[in-house]
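Following: one structure in structure tokens, then a few remarks.
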Amino acid sequence: MENIWIDRTLYRGRPENGEGRLPKELRTYDLLDELGVTYWRVDHDVIPTIEACRGVDELLGIEICKNLLLCNAKKTEFYLLLMPGNKQFKTKDLSKQIGTTRLSFASAEHMEELLDIQPGSVSILGLMNDKENRVKLLIEKEVAGEEYLGCHPCINTSSLKIPMKDILEKFLPAVEHQPIFVDLP
């Protein structure tokens with residue numbers, strides 16, 4: 001595995017200096033702060049896979065979950081799925097549960113258009129950019145039962161640890177998205 005730089009400091013809250021940070025990342029911190037959401041941050045190089053997140057997981061004291069942007073065959077319905085990083089995604093199991101045609105991965109263009117996110121940076125926090133509520137949020141029950149959620153602030157060079165309670169009770173109501181809880185084998 002390639003050598004990925006990780007700042008070994010666990011920060012509480014936003015960066016002191018926004019220099020070198022993308023506007024979408026800073027907007028994410030602005031919203032979390034405005035909502036009174038507690039979060040811890042680790043900065044790092046771009047992390048290409050869930051497996052490569054292990055060092056970040058250790059620092060944050062959590063397991064970062066998979067965040068998948070999915071769509072139906074016609075590309076008219078979109079779903080953001082949060083699932084444990086160690087589970088395999090099987091489209092048949094999920095499609096049947098939510099009553100839709102077989103799902104596939106959404107394109108990079110759809111990620112950008114719907115969530116203002118690039119591949120590798122997909123995150124529940126991108127729902128703040130889905131003003132038209134085109135993306136339905138699916139949370140696997142195992143992830144929903146965790147005390148904390150690990151995710152990116154709309155960019156894959158930082159990772160956050162956020163209390164699940166704050167996600168469910170502060171963030172999601174503010175961005176007007178209702179979660180659908182699913183059970184994946």
Side-chain angles (χ1 to χ4, degrees), residues 4 6-18 21-47 49-69 79-87 111 114-131 133 135-182 184:
I4 296 171
I6 300 172
D7 181 342
R8 306 297 301 170
T9 306
L10 181 60
Y11 298 96
R12 176 118 188 206
R14 69 183 306 120
E16 287 181 21
N17 182 341
R21 308 253 178 193
L22 293 177
K24 62 181 153 191
E25 179 183 4
L26 296 174
R27 282 195 319 268
T28 303
Y29 300 133
D30 290 344
L31 179 60
L32 294 175
D33 292 346
E34 177 185 315
L35 297 174
V37 171
T38 302
Y39 59 98
W40 295 264
R41 187 186 87 253
V42 170
D43 296 326
H44 47 74
D45 283 341
V46 169
I47 298 181
T49 64
I50 196 78
E51 292 78 23
C53 284
R54 298 299 169 231
V56 172
D57 287 0
E58 288 174 21
L59 272 173
L60 290 172
I62 57 170
E63 278 191 39
I64 293 177
C65 66
K66 285 183 190 173
N67 294 259
L68 307 175
L69 186 62
Y79 303 88
L80 175 60
L81 172 64
L82 278 57
M83 64 180 286
N86 61 354
K87 280 193 178 181
M111 289 178 195
L114 298 168
L115 301 177
D116 191 20
I117 287 180
Q118 307 278 317
S121 300
V122 175
S123 163
I124 191 171
L125 299 177
L127 292 175
M128 67 185 267
N129 301 312
D130 180 28
K131 304 291 187 206
N133 283 48
V135 179
K136 293 181 179 96
L137 175 62
L138 308 173
I139 304 178
E140 206 281 337
K141 71 172 189 165
E142 195 176 315
V143 171
E146 294 291 333
E147 185 176 359
Y148 294 98
L149 179 69
C151 60
H152 296 303
C154 298
I155 186 72
N156 188 354
T157 52
S158 292
S159 295
L160 306 180
K161 172 182 175 177
I162 304 173
M164 183 61 80
K165 182 178 168 97
D166 282 0
I167 291 290
L168 296 174
E169 296 177 8
K170 295 178 182 179
F171 177 76
L172 291 177
V175 299
E176 299 177 355
H177 280 76
Q178 280 289 108
I180 299 166
F181 297 101
V182 296
L184 301 177

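Both backbone and side-chain heavy atoms feed into the values below; hydrogens, waters and symmetry mates do not. Along the sequence shown, residues carry numbers from 1. These numbers were taken from a predicted model, which means no experiment stands behind them.
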Please name the pair of heavy atoms, one in [X] and one in [Y], separated by the smallest distance, quoted to 0.1 Å.
X: Gly13; Y: Arg41; result: O-NH1, 2.6 Å
X: Trp40; Y: Leu10; result: CB-CD1, 3.8 Å
X: Cys65; Y: Leu149; result: SG-CD1, 3.7 Å
X: Asn129; Y: Leu115; result: ND2-O, 2.9 Å
X: Ile167; Y: Ile124; result: CG2-CD1, 3.6 Å
X: Leu80; Y: Ser123; result: CD2-O, 3.8 Å

Would you call [X] and [Y] a side-chain contact if the rule is heavy atoms closer than 4.5 Å?
X: Pro163; Y: Glu147; answer: no
X: Ile162; Y: Cys151; answer: yes
X: Leu172; Y: Gln178; answer: no
X: Asp7; Y: Leu59; answer: no

Exercise for review: Keeping the roles fixed (side chain from Lys161, backbone from Gly150), state whether a donor-acceptor pair exists under 3.5 Å.
Suggested key: no
Practice item. Using modelled atom types only, decide if a donor and an acceptor are shared between the side chain of Asp57 and the backbone of Glu63 within a distance under 3.5 Å. Key: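 Answer holds: no.
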**Study point:** Which residues share a ring-ring contact (aromatic ring centres under 6.0 Å, His included) with Tyr29, sequence neighbours left out
**Key:**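 For Tyr29, the residues satisfying ring-ring contact (aromatic ring centres under 6.0 Å, His included) (neighbours in sequence not counted) are Tyr39.
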Spacing of [X] atom [atom1] and [Y] atom [atom2] [to the nearest 0.5 Å]:
X: Thr157; Y: His152; atom1: OG1; atom2: NE2; value: 9.0 Å
X: Ile117; Y: Ile155; atom1: CD1; atom2: CD1; value: 9.0 Å
X: Asp45; Y: Ile6; atom1: CG; atom2: CD1; value: 8.5 Å
X: Ser159; Y: Ile62; atom1: OG; atom2: CD1; value: 8.0 Å
X: Leu127; Y: Phe171; atom1: CG; atom2: CZ; value: 5.5 Å
X: Gln118; Y: Leu22; atom1: CD; atom2: CG; value: 8.5 Å

Please name all residues satisfying side chain to side chain donor-acceptor pair (under 3.5 Å) with [X], sequence neighbours left out, ordered by chain then number.
X: Asp130; value: His177
X: Glu140; value: Lys87
X: Lys141; value: none
X: Glu146; value: none

By salt bridge (Lys or Arg N to Asp or Glu O under 4.0 Å) - contacts of [X] (at least two apart):
X: Glu176; result: none
X: Glu169; result: Lys165
X: Lys170; result: Asp166

Review point. If you look only at pairs with a residue in residues 25-36, which of them pass as a salt bridge (Lys or Arg N to Asp or Glu O under 4.0 Å), with sequence neighbours excluded?
Key: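 Sorted pair list: Arg14-Asp30, Arg14-Asp33, Arg21-Glu25, Arg27-Asp116.
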Could you work out, with side chain to side chain contact (heavy atoms under 4.5 Å, CB included) as the rule, every residue matching [X], not counting sequence neighbours?
X: Thr28; answer: Leu32, Leu125, Met128, Pro153, Cys154
X: Ala144; answer: Ile139, Phe181
X: Pro173; answer: none

**Study point:** Test log, rule side-chain hydrogen bond (donor to acceptor under 3.5 Å, both in side chains), inputs Asp43 and Ser158
**Key:** CA-CA 4 Å; Asp43 296 326; Ser158 292; 2.6 Å; yes
Point to revise | Member of Leu82, Val143, Leu81 meeting the side-chain contact (heavy atoms from CB on, under 4.5 Å) criterion with Val182 | key: Leu81
